[in-house]
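Structure first, commentary second.
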Amino acid sequence: MSNAATHRIASGAGVLAIWGYREYKESGEISLETFTAGGVATLTARLPDIIEPACHPNHRQFFHSLAFAGTISYGMYRLYEWEPESDLDKTLRLAGLAAGASYLIHLLLDARTPKGLPVC
């Protein structure tokens with residue numbers, strides 16, 4: 001399996017599982033929102049490699065770093081705390097949280113390789 005496929009499958013399945021668990025725990029059912037979040041995660045799974053392409057062995061720089069993972073995490077926290085009122089804002093919140101989780105899953109997978117992740 002290619003690295004790209006691994007990132008897509010892990011991100012999509014991870015977000016689908018986490019989102020579905022949270023939603024089921026809160027309401028007792030799983031809605032289309034869970035599957036939308038999983039789809040967004042699958043589509044954005046390669047975002048770190050689009051920003052910093054793997055054109056050489058040491059391609060992992062700031063956008064593949066622990067510092068940027070912290071930045072993404074803080075942004076997700078702020079999105080999670082946000083209580084949007086309009087449907088568009090709710091959709092943007094869902095997309096941001098799913099894409100952020102996908103980004104973090106990508107970094108987690110990369111951190112487990114021999115090259116690991118830089119601190120910053």
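As a basis for the values below, the full set of heavy atoms in this structure was taken, side chains included, without hydrogen atoms, waters or symmetry mates.
Using a 4.5 Å cut-off on side-chain heavy atoms (C-beta onward), His64 and Ile51 make no contact. Proximity of Thr44 to Tyr103: side-chain heavy atoms (C-beta onward) are nowhere separated by under 4.5 Å.
In this structure, the separation between OG on Ser65 and CG on Asp110 is 11.5 Å, given to the nearest 0.5 Å. Expressed to the nearest 0.5 Å, how far CH2 of Trp19 lies from CD1 of Ile30 amounts to 13.0 Å. Ile72 CD1 to His106 NE2: the interatomic distance, rounded to the nearest 0.5 Å, is 11.5 Å. Separating the CG atom in Leu66 from the CG atom in Leu107 is a distance of 8.0 Å, to the nearest 0.5 Å. Remark: Tyr77 OH to Tyr74 OH distance equals 7.5 Å, nearest 0.5 Å. Annotation: the span from His7 atom NE2 to Leu108 atom CG amounts to 10.5 Å, rounded to 0.5 Å.
For residues 34-44, no residue pair satisfies the salt bridge (charged side-chain N to carboxylate O under 4.0 Å, His left out) rule, not counting sequence neighbours. Identified under the salt bridge (charged side-chain N to carboxylate O under 4.0 Å, His left out) test for residues 68-97, with sequence neighbours left out: none. Evaluation of the salt bridge (charged side-chain N to carboxylate O under 4.0 Å, His left out) test over residues 15-38, restricted to residues two or more places apart or in two chains, returns Arg22-Glu26, Arg22-Glu33.
Arg8 is linked by a salt bridge (charged side-chain N to carboxylate O under 4.0 Å, His left out) to nothing, counting only residues two or more places apart in sequence or in another chain. When the ring-ring contact (aromatic ring centres under 6.0 Å, His included) test is applied to Phe62, the partners found at least two apart in sequence or on another chain are Phe68.
Between Ile105 and Gly14, the shortest heavy-atom distance links the atoms CD1-CA, 4.3 Å. The two atoms that bring Ala10 and Leu109 nearest to each other are CB-CD1, 3.7 Å, heavy atoms only.
Judged purely by atom type and a 3.5 angstrom limit, Ser102 uses its side chain to pair as donor or acceptor with the backbone of Ala41. Checking side-chain atoms of Thr71 against main-chain N and O of Ala67 turns up a donor-acceptor pair under 3.5 Å. Here the side chain of Glu52 pairs no donor or acceptor atom with the backbone of Arg60 at under 3.5 angstrom.
Side-chain contacts under 4.5 Å among hydrophobic residues (ILVMFWY), followed directly or transitively, place Ile50 with no other residue at all.
By the rule that hydrophobic residues join a cluster once side-chain heavy atoms approach within less than 4.5 Å of another member, Ile18 and Leu16 end up as members of separate clusters. Note on Leu104: it clusters hydrophobically with Leu94, by side-chain heavy-atom contacts below 4.5 Å among ILVMFWY residues. Hydrophobic cluster membership is shared by Leu79 and Val15, with clusters built from Ile, Leu, Val, Met, Phe, Trp and Tyr side chains linked at under 4.5 angstrom. Leu43 and Phe63 fall into different hydrophobic clusters, where Ile, Leu, Val, Met, Phe, Trp and Tyr residues are linked whenever their side-chain heavy atoms come under 4.5 Å apart, directly or through other members.
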